[in-house]
Amino acid sequence: MSWPTWLPLRENLRSLSPYGAPQVPAQAFLNTNENPYPLSDQLQEAITQAVSHVAAQLNRYPNRDAEKLRNKLASYINGLSKTGFTFNNIWVANGSNEVIQSIFLAFGQRAALGFTPSYSMHALIARVSNTPWIDGSRNSDFSLNTQDAIAQIQQHKPTLTFITTPNNPTGGAISITQIAKIAEAVKDVGGLLIIDEAYAEFSEQVSAVTLISKNPHVVVIRTMSKAFAFAGARVGYLVADPKVIDAMMIVRLPYHLSSITQAVAEVALDFKDELLAGVGTLIESRDLMIDALASLGLRTVESEANFILFTGFSQDAKQLWSDLLKRGVLIRDVGLSGHLRVTIGNEAENTLFINALKELI
Ligand SMILES: *Cc1c(COP(=O)(O)O)cnc(C)c1O
(Lines give C-alpha, C1' and ligand atoms only; values in the text may rest on other atoms or scores of the structure.)
Protein backbone atom coordinates (compact mmCIF):
# COMPACT_ATOMS: atom_id res chain seq x y z
CA MET A 1 0.00 0.00 0.00
CA SER A 2 1.26 3.55 -0.64
CA TRP A 3 0.70 6.17 2.03
CA PRO A 4 0.56 9.97 1.58
CA THR A 5 3.43 11.92 3.07
CA TRP A 6 1.14 14.02 5.31
CA LEU A 7 0.04 10.90 7.18
CA PRO A 8 2.40 10.26 10.11
CA LEU A 9 1.83 6.50 10.07
CA ARG A 10 4.36 4.57 12.13
CA GLU A 11 7.35 3.51 10.06
CA ASN A 12 6.98 -0.17 11.00
CA LEU A 13 3.37 -0.25 9.77
CA ARG A 14 3.92 1.24 6.32
CA SER A 15 4.68 -2.04 4.58
CA LEU A 16 1.84 -4.04 6.19
CA SER A 17 -1.54 -5.03 4.74
CA PRO A 18 -4.67 -5.46 6.85
CA TYR A 19 -5.95 -8.94 7.69
CA GLY A 20 -8.36 -9.70 4.89
CA ALA A 21 -9.87 -13.13 4.41
CA PRO A 22 -12.28 -12.45 1.51
CA GLN A 23 -15.89 -11.91 2.63
CA VAL A 24 -17.69 -12.41 -0.69
CA PRO A 25 -21.03 -13.96 -1.69
CA ALA A 26 -20.98 -17.75 -2.04
CA GLN A 27 -23.17 -20.80 -1.50
CA ALA A 28 -20.65 -22.64 0.66
CA PHE A 29 -18.54 -20.67 3.15
CA LEU A 30 -15.58 -22.91 3.83
CA ASN A 31 -12.86 -20.32 4.32
CA THR A 32 -12.65 -19.07 7.91
CA ASN A 33 -13.08 -22.24 10.00
CA GLU A 34 -16.40 -21.13 11.39
CA ASN A 35 -18.84 -23.69 12.70
CA PRO A 36 -21.45 -24.17 9.93
CA TYR A 37 -24.31 -24.94 12.30
CA PRO A 38 -26.42 -22.03 13.56
CA LEU A 39 -27.29 -21.96 17.26
CA SER A 40 -30.39 -23.99 18.16
CA ASP A 41 -33.75 -22.22 18.43
CA GLN A 42 -33.67 -22.79 22.16
CA LEU A 43 -30.25 -21.16 22.53
CA GLN A 44 -31.23 -18.27 20.25
CA GLU A 45 -34.27 -17.71 22.45
CA ALA A 46 -32.18 -17.76 25.63
CA ILE A 47 -29.74 -15.26 24.09
CA THR A 48 -32.60 -12.96 23.09
CA GLN A 49 -33.89 -12.99 26.63
CA ALA A 50 -30.46 -12.26 28.07
CA VAL A 51 -29.95 -9.33 25.69
CA SER A 52 -33.36 -7.93 26.53
CA HIS A 53 -32.47 -8.09 30.22
CA VAL A 54 -29.17 -6.28 29.58
CA ALA A 55 -30.90 -3.67 27.41
CA ALA A 56 -32.50 -2.20 30.53
CA GLN A 57 -29.04 -1.47 31.98
CA LEU A 58 -27.12 -0.24 28.94
CA ASN A 59 -26.82 3.24 30.46
CA ARG A 60 -24.27 1.69 32.85
CA TYR A 61 -20.76 0.47 32.07
CA PRO A 62 -20.32 -3.31 32.02
CA ASN A 63 -18.83 -5.30 34.85
CA ARG A 64 -15.17 -4.50 34.26
CA ASP A 65 -13.83 -7.78 35.52
CA ALA A 66 -16.46 -10.09 33.96
CA GLU A 67 -16.14 -12.37 36.99
CA LYS A 68 -19.29 -14.35 36.31
CA LEU A 69 -18.24 -15.18 32.76
CA ARG A 70 -14.68 -15.96 33.86
CA ASN A 71 -16.05 -18.33 36.51
CA LYS A 72 -18.14 -20.11 33.89
CA LEU A 73 -15.16 -20.42 31.56
CA ALA A 74 -13.07 -21.84 34.43
CA SER A 75 -15.75 -24.48 35.12
CA TYR A 76 -15.92 -25.32 31.42
CA ILE A 77 -12.16 -25.90 31.24
CA ASN A 78 -12.14 -27.77 34.57
CA GLY A 79 -14.85 -30.08 33.22
CA LEU A 80 -12.84 -30.87 30.09
CA SER A 81 -9.37 -31.14 31.60
CA LYS A 82 -9.98 -32.09 35.28
CA THR A 83 -8.17 -28.96 36.44
CA GLY A 84 -8.95 -26.71 39.41
CA PHE A 85 -9.01 -23.23 37.90
CA THR A 86 -11.01 -20.28 39.24
CA PHE A 87 -11.81 -16.95 37.59
CA ASN A 88 -8.36 -15.82 38.74
CA ASN A 89 -6.87 -18.08 36.05
CA ILE A 90 -9.03 -16.73 33.21
CA TRP A 91 -8.98 -13.54 31.19
CA VAL A 92 -11.64 -12.94 28.57
CA ALA A 93 -11.70 -10.50 25.65
CA ASN A 94 -13.30 -9.67 22.29
CA GLY A 95 -12.04 -12.74 20.45
CA SER A 96 -8.72 -14.44 21.05
CA ASN A 97 -7.19 -11.87 18.72
CA GLU A 98 -7.65 -9.27 21.46
CA VAL A 99 -6.09 -11.73 23.88
CA ILE A 100 -3.08 -12.09 21.56
CA GLN A 101 -2.76 -8.33 21.21
CA SER A 102 -2.83 -7.88 24.97
CA ILE A 103 -0.13 -10.53 25.39
CA PHE A 104 2.11 -8.56 23.04
CA LEU A 105 1.34 -5.26 24.78
CA ALA A 106 2.26 -6.75 28.14
CA PHE A 107 5.15 -9.05 27.28
CA GLY A 108 6.53 -8.08 23.86
CA GLN A 109 9.79 -6.85 25.28
CA ARG A 110 12.25 -8.95 23.29
CA ALA A 111 11.46 -10.98 20.20
CA ALA A 112 8.55 -13.35 19.66
CA LEU A 113 9.02 -16.68 17.89
CA GLY A 114 6.48 -18.81 16.01
CA PHE A 115 6.86 -21.89 13.82
CA THR A 116 5.56 -21.19 10.32
CA PRO A 117 3.38 -21.89 8.53
CA SER A 118 1.07 -21.08 11.40
CA TYR A 119 -1.61 -18.58 12.35
CA SER A 120 -0.66 -15.40 10.48
CA MET A 121 -2.19 -13.08 13.08
CA HIS A 122 0.51 -13.91 15.64
CA ALA A 123 3.14 -12.34 13.38
CA LEU A 124 0.89 -9.49 12.26
CA ILE A 125 -0.11 -8.46 15.79
CA ALA A 126 3.55 -8.70 16.84
CA ARG A 127 4.52 -6.23 14.12
CA VAL A 128 1.63 -3.89 14.93
CA SER A 129 2.65 -3.85 18.58
CA ASN A 130 6.29 -3.21 17.67
CA THR A 131 7.57 -6.60 18.84
CA PRO A 132 10.31 -8.15 16.67
CA TRP A 133 8.93 -11.35 15.14
CA ILE A 134 10.99 -14.40 14.21
CA ASP A 135 9.66 -16.90 11.68
CA GLY A 136 10.81 -20.26 13.03
CA SER A 137 10.53 -23.40 10.94
CA ARG A 138 8.69 -26.72 10.84
CA ASN A 139 9.43 -29.99 9.07
CA SER A 140 8.68 -30.04 5.34
CA ASP A 141 5.50 -32.05 6.08
CA PHE A 142 4.42 -29.19 8.43
CA SER A 143 4.81 -31.25 11.60
CA LEU A 144 6.78 -29.71 14.47
CA ASN A 145 10.04 -31.38 15.45
CA THR A 146 10.48 -30.95 19.22
CA GLN A 147 14.31 -30.98 19.21
CA ASP A 148 14.40 -28.52 16.35
CA ALA A 149 11.89 -26.21 18.06
CA ILE A 150 13.97 -26.30 21.25
CA ALA A 151 17.12 -25.44 19.30
CA GLN A 152 15.36 -22.42 17.77
CA ILE A 153 14.21 -21.27 21.23
CA GLN A 154 17.76 -21.61 22.60
CA GLN A 155 19.15 -19.68 19.65
CA HIS A 156 16.71 -16.74 19.70
CA LYS A 157 15.82 -16.59 23.42
CA PRO A 158 12.38 -15.04 22.70
CA THR A 159 10.20 -13.54 25.43
CA LEU A 160 7.21 -15.11 23.69
CA THR A 161 7.13 -18.47 21.93
CA PHE A 162 3.89 -19.28 20.07
CA ILE A 163 2.68 -22.78 19.29
CA THR A 164 -0.68 -23.36 17.65
CA THR A 165 -2.01 -26.87 18.23
CA PRO A 166 -3.89 -28.14 16.29
CA ASN A 167 -1.98 -25.86 13.95
CA ASN A 168 -3.72 -23.48 11.57
CA PRO A 169 -3.53 -23.68 8.51
CA THR A 170 -2.06 -27.18 8.47
CA GLY A 171 -4.27 -29.05 10.98
CA GLY A 172 -1.79 -31.27 12.85
CA ALA A 173 -1.46 -31.30 16.64
CA ILE A 174 1.43 -32.01 18.99
CA SER A 175 1.28 -34.13 22.14
CA ILE A 176 1.34 -32.88 25.71
CA THR A 177 4.72 -34.62 26.16
CA GLN A 178 6.18 -32.53 23.35
CA ILE A 179 4.66 -29.34 24.76
CA ALA A 180 6.11 -30.13 28.20
CA LYS A 181 9.61 -30.50 26.71
CA ILE A 182 9.30 -27.25 24.79
CA ALA A 183 8.01 -25.55 27.98
CA GLU A 184 11.26 -26.53 29.75
CA ALA A 185 13.31 -24.84 27.04
CA VAL A 186 11.14 -21.71 27.18
CA LYS A 187 11.55 -21.57 30.96
CA ASP A 188 15.34 -21.75 30.59
CA VAL A 189 15.37 -18.63 28.39
CA GLY A 190 13.06 -16.71 30.74
CA GLY A 191 10.11 -16.50 28.35
CA LEU A 192 6.43 -17.39 28.17
CA LEU A 193 5.10 -20.28 26.08
CA ILE A 194 1.83 -19.29 24.43
CA ILE A 195 -0.22 -22.27 23.26
CA ASP A 196 -3.01 -21.24 20.88
CA GLU A 197 -5.67 -23.93 21.27
CA ALA A 198 -8.36 -22.37 19.06
CA TYR A 199 -9.21 -25.86 17.74
CA ALA A 200 -8.66 -27.91 20.93
CA GLU A 201 -12.24 -29.18 21.08
CA PHE A 202 -11.75 -30.94 17.72
CA SER A 203 -8.68 -32.84 18.93
CA GLU A 204 -8.11 -35.79 21.27
CA GLN A 205 -4.85 -34.37 22.65
CA VAL A 206 -4.53 -33.48 26.33
CA SER A 207 -4.79 -29.69 26.69
CA ALA A 208 -1.76 -27.62 27.70
CA VAL A 209 -3.89 -26.12 30.49
CA THR A 210 -2.88 -29.24 32.48
CA LEU A 211 0.71 -27.93 32.58
CA ILE A 212 -0.08 -24.51 34.06
CA SER A 213 -0.14 -25.37 37.78
CA LYS A 214 3.47 -26.60 37.65
CA ASN A 215 4.55 -24.25 34.82
CA PRO A 216 3.32 -20.70 35.46
CA HIS A 217 5.07 -19.57 32.27
CA VAL A 218 2.63 -21.62 30.12
CA VAL A 219 -0.30 -19.57 28.79
CA VAL A 220 -3.16 -21.16 26.85
CA ILE A 221 -5.42 -19.22 24.46
CA ARG A 222 -8.90 -20.53 23.63
CA THR A 223 -11.85 -19.14 21.72
CA MET A 224 -15.61 -19.53 21.45
CA SER A 225 -15.41 -18.74 17.71
CA LYS A 226 -14.89 -22.26 16.38
CA ALA A 227 -16.23 -25.20 18.42
CA PHE A 228 -18.81 -23.00 20.17
CA ALA A 229 -20.30 -21.66 16.92
CA PHE A 230 -19.97 -18.18 18.38
CA ALA A 231 -17.66 -16.33 15.96
CA GLY A 232 -20.07 -13.42 15.57
CA ALA A 233 -20.14 -12.72 19.30
CA ARG A 234 -16.33 -12.25 19.55
CA VAL A 235 -15.32 -14.10 22.70
CA GLY A 236 -11.81 -15.43 23.32
CA TYR A 237 -10.00 -16.11 26.56
CA LEU A 238 -6.77 -17.24 28.09
CA VAL A 239 -6.04 -19.70 30.86
CA ALA A 240 -2.93 -18.93 32.89
CA ASP A 241 -1.32 -18.36 36.25
CA PRO A 242 -3.06 -15.51 38.17
CA LYS A 243 0.06 -13.31 37.77
CA VAL A 244 -0.38 -13.44 33.98
CA ILE A 245 -4.00 -12.38 34.43
CA ASP A 246 -2.87 -9.44 36.64
CA ALA A 247 -0.63 -8.28 33.78
CA MET A 248 -3.56 -8.47 31.34
CA MET A 249 -5.50 -6.13 33.66
CA ILE A 250 -2.76 -3.51 33.21
CA VAL A 251 -2.94 -3.43 29.41
CA ARG A 252 -6.66 -3.96 28.86
CA LEU A 253 -8.89 -1.03 27.96
CA PRO A 254 -11.40 -0.18 30.67
CA TYR A 255 -14.79 -1.86 30.10
CA HIS A 256 -13.50 -3.59 26.98
CA LEU A 257 -16.03 -6.43 27.10
CA SER A 258 -19.58 -5.17 26.62
CA SER A 259 -22.45 -6.19 28.89
CA ILE A 260 -24.09 -7.77 25.86
CA THR A 261 -21.06 -9.89 25.05
CA GLN A 262 -20.71 -11.05 28.65
CA ALA A 263 -24.39 -11.95 28.93
CA VAL A 264 -24.63 -13.90 25.68
CA ALA A 265 -21.36 -15.78 26.31
CA GLU A 266 -22.66 -16.85 29.74
CA VAL A 267 -25.80 -18.22 28.08
CA ALA A 268 -23.79 -20.10 25.43
CA LEU A 269 -21.72 -21.78 28.15
CA ASP A 270 -24.95 -23.03 29.74
CA PHE A 271 -25.58 -24.85 26.43
CA LYS A 272 -22.09 -26.36 26.22
CA ASP A 273 -23.29 -29.97 25.96
CA GLU A 274 -25.46 -29.17 22.98
CA LEU A 275 -22.67 -27.18 21.30
CA LEU A 276 -20.04 -29.87 21.88
CA ALA A 277 -22.35 -32.45 20.31
CA GLY A 278 -22.09 -30.40 17.11
CA VAL A 279 -18.30 -30.80 17.33
CA GLY A 280 -18.74 -34.59 17.16
CA THR A 281 -20.72 -34.22 13.93
CA LEU A 282 -17.99 -32.05 12.42
CA ILE A 283 -15.31 -34.59 13.33
CA GLU A 284 -17.30 -37.31 11.50
CA SER A 285 -17.70 -35.00 8.49
CA ARG A 286 -13.96 -34.27 8.56
CA ASP A 287 -13.18 -37.96 8.25
CA LEU A 288 -15.67 -38.33 5.36
CA MET A 289 -14.10 -35.31 3.65
CA ILE A 290 -10.60 -36.81 3.96
CA ASP A 291 -11.87 -40.00 2.25
CA ALA A 292 -13.62 -37.99 -0.47
CA LEU A 293 -10.47 -35.98 -1.22
CA ALA A 294 -8.36 -39.14 -1.29
CA SER A 295 -10.78 -40.76 -3.74
CA LEU A 296 -10.20 -37.78 -6.05
CA GLY A 297 -6.48 -38.54 -5.91
CA LEU A 298 -5.66 -35.59 -3.65
CA ARG A 299 -3.38 -35.70 -0.60
CA THR A 300 -4.40 -34.27 2.76
CA VAL A 301 -2.30 -33.15 5.70
CA GLU A 302 -3.28 -34.97 8.90
CA SER A 303 -5.89 -32.84 10.68
CA GLU A 304 -7.17 -32.69 14.24
CA ALA A 305 -9.12 -29.51 13.52
CA ASN A 306 -12.29 -28.50 11.64
CA PHE A 307 -10.43 -27.91 8.36
CA ILE A 308 -8.17 -29.79 5.98
CA LEU A 309 -5.12 -28.64 4.03
CA PHE A 310 -4.92 -30.52 0.74
CA THR A 311 -2.59 -30.75 -2.23
CA GLY A 312 -1.98 -32.86 -5.33
CA PHE A 313 -3.99 -30.84 -7.90
CA SER A 314 -2.29 -29.85 -11.12
CA GLN A 315 -3.36 -26.22 -11.49
CA ASP A 316 -2.04 -23.26 -9.56
CA ALA A 317 -3.66 -22.90 -6.08
CA LYS A 318 -4.95 -19.40 -6.87
CA GLN A 319 -6.54 -20.66 -10.08
CA LEU A 320 -8.30 -23.58 -8.39
CA TRP A 321 -9.43 -21.24 -5.59
CA SER A 322 -11.09 -18.86 -8.05
CA ASP A 323 -12.58 -21.68 -10.16
CA LEU A 324 -14.20 -23.05 -7.00
CA LEU A 325 -15.54 -19.60 -6.14
CA LYS A 326 -17.14 -19.37 -9.60
CA ARG A 327 -19.01 -22.53 -8.61
CA GLY A 328 -20.17 -20.94 -5.35
CA VAL A 329 -17.58 -22.51 -3.06
CA LEU A 330 -15.40 -20.18 -1.01
CA ILE A 331 -12.33 -21.90 0.48
CA ARG A 332 -8.95 -20.47 1.56
CA ASP A 333 -5.74 -19.85 -0.29
CA VAL A 334 -3.34 -19.68 2.67
CA GLY A 335 -0.35 -18.74 0.55
CA LEU A 336 1.29 -22.19 0.60
CA SER A 337 2.24 -23.14 -2.92
CA GLY A 338 0.23 -26.08 -4.27
CA HIS A 339 -2.04 -26.20 -1.23
CA LEU A 340 -5.53 -25.01 -0.33
CA ARG A 341 -7.41 -25.16 2.96
CA VAL A 342 -11.06 -26.13 3.25
CA THR A 343 -13.19 -25.74 6.38
CA ILE A 344 -15.58 -28.58 7.22
CA GLY A 345 -19.05 -27.27 6.47
CA ASN A 346 -22.51 -28.74 6.71
CA GLU A 347 -23.45 -31.70 4.51
CA ALA A 348 -24.76 -29.56 1.64
CA GLU A 349 -21.64 -27.36 1.61
CA ASN A 350 -19.28 -30.34 1.74
CA THR A 351 -21.12 -32.03 -1.14
CA LEU A 352 -21.08 -28.84 -3.22
CA PHE A 353 -17.32 -28.55 -2.63
CA ILE A 354 -16.53 -32.17 -3.53
CA ASN A 355 -18.75 -32.06 -6.64
CA ALA A 356 -17.15 -28.81 -7.82
CA LEU A 357 -13.68 -30.27 -7.26
CA LYS A 358 -14.61 -33.36 -9.30
CA GLU A 359 -15.35 -31.13 -12.27
CA LEU A 360 -12.21 -29.06 -11.89
CA ILE A 361 -9.32 -31.43 -11.26
C1 LIG B 1 -9.65 -18.70 14.42
C2 LIG B 1 -8.42 -18.61 15.24
C3 LIG B 1 -8.38 -17.79 16.35
C4 LIG B 1 -9.66 -17.14 16.78
O5 LIG B 1 -9.77 -15.88 16.79
P6 LIG B 1 -11.01 -15.15 17.49
O7 LIG B 1 -10.48 -13.78 17.58
O8 LIG B 1 -11.21 -15.79 18.83
O9 LIG B 1 -12.19 -15.33 16.61
C10 LIG B 1 -7.26 -17.77 17.15
N11 LIG B 1 -6.20 -18.53 16.84
C12 LIG B 1 -6.20 -19.34 15.77
C13 LIG B 1 -5.04 -20.21 15.51
C14 LIG B 1 -7.31 -19.38 14.93
O15 LIG B 1 -7.31 -20.17 13.87
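Whatever order the structure lists ligands and atoms in, that order sets their numbers, starting from 1.
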Asks: How are the rings of Tyr76 and Phe228 set to each other: parallel, tilted or perpendicular (split at 30° and 60°)?
Replies: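 Taking Phe228 first and then Tyr76, their aromatic rings stand perpendicular (interplane angle over 60°).
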Asks: Looking only at non-hydrogen atoms, find the nearest pair between Leu257 and Ala93 and report the distance.
Replies: CD1-C, 3.6 Å
Asks: Should His122 be counted as touching ligand 1, given the test is an N or O pair under 3.5 Å?
Replies: no
Asks: Can you confirm, on distance only, whether ligand 1 has an N/O atom lying under 3.5 Å from any N/O atom belonging to Asp196?
Replies: yes
Asks: One residue to check: Arg234. Relative to ligand 1, which of side chain, backbone, both or neither has a non-hydrogen atom less than 4.0 Å away?
Replies: side chain
Asks: Of all the non-hydrogen atoms in the protein, which one sits nearest to atom 14 (C) of ligand 1, and at what distance?
Replies: Lys226 NZ, 3.2 Å
Asks: Do me a favour and list the nearest non-hydrogen protein atom to atom 4 (C) of ligand 1 with residue, atom name and distance?
Replies: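 Minimum-distance protein heavy atom for atom 4 (C) of ligand 1 reads Ser96 OG, 3.1 Å.
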Asks: Start with the C-alpha gap between Tyr199 and Tyr119, add the side-chain angles, then the distance that decides, and say whether ring pair (Phe, Tyr, Trp, His ring centres under 6.0 Å) holds.
Replies: CA-CA 12 Å; Tyr199 302 96; Tyr119 188 48; 8.2 Å; no
Asks: Would you check if Val189 and Thr161 make a side-chain contact, meaning some heavy-atom pair closer than 4.5 Å?
Replies: no
Asks: Is it true that Glu201 and Arg222 make a salt bridge, defined as a side-chain N closer than 4.0 Å to a carboxylate O?
Replies: yes
Asks: Can you find a heavy atom in the side chain of Ile163 that is under 4.5 Å from one in the side chain of Ile174?
Replies: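 A side-chain contact exists here, since the closest heavy-atom pair is under 4.5 Å.
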Asks: Is any side-chain heavy atom of Val251 closer than 4.5 Å to one of Gln101?
Replies: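 Side chain of Gln101 against side chain of Val251, heavy atoms only: no contact under 4.5 Å found.
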Asks: Run the numbers for me: atoms of ligand 1, each under 4.0 Å from some heavy atom of Asn168, listed by number.
Replies: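 Under 4.0 Å from Asn168, ligand 1 has these atoms: 14 (C), 15 (O).
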Asks: I need the contact type for Glu98 against ligand 1. Using non-hydrogen atoms and a strict under-4.0 Å cut-off, is it side chain, backbone, both or neither?
Replies: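 Neither part.
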Asks: Return a yes/no value for Ser225: is any of its N or O atoms, backbone included, closer than 3.5 angstrom to an N or O of ligand 1?
Replies: yes
Asks: I need the nearest protein heavy-atom contact for atom 15 (O) of ligand 1: residue, atom name and distance, please.
Replies: Tyr199 OH, 2.6 Å
Asks: Would you mind listing which atoms of ligand 1 come within a distance below 4.0 Å of any non-hydrogen atom of Thr164?
Replies: 13 (C)
